[in-house]
Structure formats: structure tokens, C-alpha cells
Amino acid sequence: MARRKKIYEGKAKILYEGPEPGTIVQYFKDDATAFNAEKKDVIDGKGVLNNRLSEFFMTGLNQIGVPTHFIRRLNMREQLVRNCEIIPLEVIVRNYAAGSISKRLGIAEGTQLPRPIVEYCYKDDALGDPLVTEEHIAAFGWAGQQDMDDILSLALRVNDFMSGVMLAVGIRLVDFKIEIGRVYDGDFQRLIVADEISPDSCRLWDIETGQKLDKDVFRRDLGNLTDAYSEVARRLGVLPQSNVNKPTLIN
Ligand code: TMP
Ligand code: ASP
């Protein structure tokens, strides 16, 4: 296939113009970054795993009626997605304390939160994606009140789905980040889950051992990131049992 026009290159993905109007090809790179790209590496096979895992989660969400941008996987590293206007927010849902909330509020990592807590960060690398409140979001016009109601409902549905799927394979969904996009069907606007859902954007801990199976392995130098992601994929049946360490995919 002729190389498509590049629309955008981010830290972990490249977006190309899709084959039909309103579509985008999302290419998953092997690049890993943390702390706003202060720490960088190339992790062999990460893109292949995240392409497949994001497909798995987004397909499940589509099946239970949570709309996502995902259309279909094209190959090992690329998926076809619906073009949408990304709302400039990182929507974070936390079930257990970890990472920035532990630091900010002095809560020990692993403490179960009284209920899922939803936080919003303004998507701006130059500012380091700062935490913002609904006041900022409304005042600066990033999203309206109806959007915020819909975003909250989408975030909590994704949380219930992801928590259940992970629990079934012995993994605790500690927290995750999603991005939301706007699509237009004629004059009608609706919101869908966009970007990716993968161990890059979640915290996943083994329920028995507490072993980290997400990007904290890279952020905190805890071992081999591909092994961790492969373990998640293997448990979910996304990788064949015999090929734990190699991102060879089943169809
Ligand atoms: P945090 O504890 O660092 O705020 O992260 C919360 C969740 O959001 C965690 O699952 C990792 C994810 N995340 C991203 O996907 N991208 C980011 O840039 C950051 C900082 C966190
Ligand atoms: N994605 C962010 C970065 O690259 C931060 C992170 O995930 O820790 O730099």
C-alpha cells in the first residue's frame, strides 16, 4: 500500500490519513517515554502489543455499547480508527491510589479509594499536562456541561468494563487514562473513546503478587517492559500461551 500522508506524530503513535474520508490510520511505535519525555527508550515489540491490546479493549467496549474510535486492525502495528476532534483533556479514573495522587495527597500506593475518582488534566506537553478542575474546563471552553456529563459517564463505564476484564485474569485495574473525541453525524455531535487503551495508559497490578504489568515497569526501571505487556496479552488470550515473550500474534 502506498505510504499515506502523515497527519501527526506523537510520543508513542503516528497518525496517517485513512483510506476513506473520516478515517485515520493509527500506527503504534516502539518508543516509550515517561515524565513528559525526559526518559526515553525504544522497546522492541511494544507497539505490536499495544496495537493488539488496544484493539482488544476497544472492541469489547464497542460490543457493550460504549462508543470508541476503533474500526478494525489493519496489521501488526496499525489500526483504522474514526477521525475525531480530540477534547484536550486526559481523563483519569483511579480505583486505588498510585502515582501522582499518592504524591499529591500523601496516600500510600495501593490504598483502595472510597469510590472511583475521576480527574482531568489539560493536554499540553509544554505545561506537563497539569491537573485542572471542571471550572477551568468550563471557563476556557474545552468542554460544555453536557460534554462533561457524557465524559464522566463514558469514563465510569470504561472503568467498570476494564476492571471486570482485568479481574477475570487476576489483574487489578489501579487507574487508567483515556482521551475523548467528538464526532459529527450530520448536525448531531457525540463523544467517543479515542486514542488508545493499553498498559501504557493504565496501571495494572497482579492481584496475588502486586507485580506491576504496566508502564511503571519502564518509568521506575522494574524490569523488562515487553515481558510485562506480553503477560497481560497472554492472560487475555491475545497472545498464544507458548509464545509469552515474543509478540507473535494469533488471528
Ligand atoms: P499519574 O498517577 O501519573 O497521574 O497517572 C495516572 C494514570 O494515567 C496512569 O494509569 C498512567 C496514565 N498516564 C498516561 O496515560 N499518560 C500520562 O502522560 C500520564 C502522566 C499518566
Ligand atoms: N506519556 C507521558 C510521557 O511521555 C508521561 C508518562 O506516561 O509517564 O512522557
Side-chain angles (χ1 to χ4, degrees), residues 8-15 26 28-43 46-47 49-51 53-54 57-58 68-69 86-113 115-133 151-152 154-156 158-163 165-167 171-181 193-206 210-222 225-226 228-229 232:
Y8 175 79
E9 178 157 3
K11 286 177 285 200
K13 295 187 293 298
I14 306 174
L15 303 181
Q26 187 165 259
F28 287 77
K29 302 194 281 187
D30 278 343
D31 302 44
T33 64
F35 314 117
N36 208 7
E38 266 172 44
K39 181 176 165 104
K40 284 188 214 179
D41 205 349
V42 177
I43 314 277
K46 180 174 87 80
L49 284 156
N50 281 352
N51 185 28
L53 283 163
S54 202
F57 297 128
M58 296 274 186
T68 81
H69 72 163
I86 294 285
I87 293 179
L89 297 174
E90 301 208 329
V91 180
I92 294 170
V93 183
R94 301 179 186 273
N95 299 305
Y96 295 80
S100 68
I101 198 174
S102 289
K103 234 189 229 165
R104 200 184 325 126
L105 302 180
I107 308 173
E109 288 216 325
T111 306
Q112 186 166 18
L113 298 168
R115 60 186 176 89
I117 293 178
V118 182
E119 295 176 343
Y120 305 99
C121 293
Y122 179 51
K123 251 175 84 64
D124 185 319
D125 280 344
L127 300 174
D129 300 338
L131 187 70
V132 291
T133 69
I151 289 172
L152 181 64
L154 283 172
L156 293 176
V158 171
N159 187 42
D160 285 347
F161 172 77
M162 291 291 295
S163 293
V165 166
M166 300 318 296
L167 183 63
I171 294 174
R172 170 164 298 149
L173 179 67
V174 173
D175 58 30
F176 65 92
K177 182 268 302 187
I178 50 172
E179 295 185 23
I180 303 291
V193 178
D195 190 52
E196 71 178 278
I197 301 179
S198 75
D200 267 13
S201 53
C202 301
R203 282 198 176 89
L204 304 170
W205 296 357
D206 181 273
Q211 188 191 352
K212 292 181 174 37
L213 299 169
D214 57 64
K215 202 164 103 177
D216 273 347
V217 170
F218 170 73
R219 292 190 190 97
R220 304 179 186 188
D221 294 318
L222 300 175
L225 193 72
T226 316
Y229 289 19
V232 176

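For ligands, and for the atoms within them, numbers begin at 1 and follow the listed sequence. Please read these numbers as outputs of a predicted model, since none were measured by experiment. The chain is numbered in sequence order, starting from 1.
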Inset, instruction - Answer yes or no: are there more than 12 heavy-atom neighbours, outside Lys39 itself, under 6.0 Å from its atom NZ? - result: yes

Legend entry - atom 18 (O) of ligand 1 [closest protein heavy-atom partner, distance rounded to 0.1 Å]: Glu90 OE1, 3.8 Å

Inset, instruction - Search all heavy atoms of Ile87 against all heavy atoms of Lys123 and return the closest pair with its distance. - result: O-CD, 4.3 Å

Inset, instruction - Among Asp200, Asn50, Asp214, find the residue that satisfies the side chain to side chain donor-acceptor pair (under 3.5 Å) test when tested with Tyr229. - result: Asp200

Legend entry - atom 7 (C) of ligand 1: the protein heavy-atom neighbour that sits closest, reported with distance to 0.1 Å: Asp175 OD1, 3.7 Å

Legend entry - Closest approach of any protein heavy atom to atom 1 (P) of ligand 1, naming residue and atom: Ser100 OG, 3.4 Å

Inset, instruction - Could you pull out the closest heavy-atom pair between Lys215 and Leu225, with the gap in Å? - result: CA-CD1, 3.9 Å

Legend entry - Element-labelled atoms of ligand 1 that are located less than 4.0 Å from some non-hydrogen atom of Ala98: 2 (O)

Legend entry - Spacing of CE belonging to Met166 relative to CG belonging to Leu204, to within rounding of 0.5 Å: 4.5 Å

Legend entry - Nearest heavy atoms of Ile178 and Ala155, plus distance in Å: CD1-CA, 4.0 Å

Inset, instruction - Any atoms of ligand 1 less than 4.0 Å from a non-hydrogen atom of Phe176? List them with their elements. - result: 10 (O)

Inset, instruction - Output the set of protein residues with a heavy-atom contact under 4.0 Å to ligand 2, ordered first by chain identifier and then by residue number. - result: Lys11, Thr33, Ala34, Phe35, Asn36, Ala37, Lys215, Arg219

Inset, instruction - Sequence neighbours left out, what passes side chain to side chain donor-acceptor pair (under 3.5 Å) with Thr68? Give chain and number order. - result: Asn62

Inset, instruction - With heavy atoms of Gly99 as the reference, note each atom of ligand 1 found under 4.0 Å away. - result: 2 (O)

Inset, instruction - Among all protein heavy atoms, pick out the one at the shortest distance from atom 3 (O) of ligand 1; state its residue, atom name and that distance to 0.1 Å. - result: Arg203 NH2, 3.7 Å

Legend entry - Arg94-Ser102 side chain donor-acceptor pair, cut-off 3.5 Å: no

Inset, instruction - Starting from atom 8 (O) of ligand 1, locate the nearest protein heavy atom and write down its residue, its atom name and how far away it is, to 0.1 Å. - result: Lys177 CB, 3.4 Å

Inset, instruction - For atom 21 (C) of ligand 1, find the nearest protein heavy atom and state the residue, atom name and distance (0.1 Å precision). - result: Arg219 NH2, 4.2 Å

Legend entry - Under-4.0 Å heavy-atom contact with ligand 1, by part of Glu119 that carries it: neither

Inset, instruction - Taking side chain to side chain donor-acceptor pair (under 3.5 Å) as the test, write out the residues that go with Asp124, two or more places apart. - result: none

Inset, instruction - Check the surroundings of atom NZ in Lys40: do more than 12 heavy atoms from other residues, nucleotides or ligands lie under 6.0 Å from it? - result: no

Inset, instruction - Just let me know how Ser201 lines up against ligand 1, side chain, backbone, both or neither, with a heavy-atom cut-off below 4.0 Å. - result: both

Inset, instruction - Select one of side chain, backbone, both or neither to describe which atoms of Lys11 lie under 4.0 Å from any atom of ligand 1, heavy atoms only. - result: neither

Inset, instruction - Using side chain to side chain donor-acceptor pair (under 3.5 Å) as the criterion, list what pairs up with Glu196, not counting sequence neighbours. - result: Lys13, Ser198

Inset, instruction - List the atom of Phe57, the atom of Ile197, and the distance in Å for their closest heavy-atom pair. - result: CD1-O, 3.3 Å

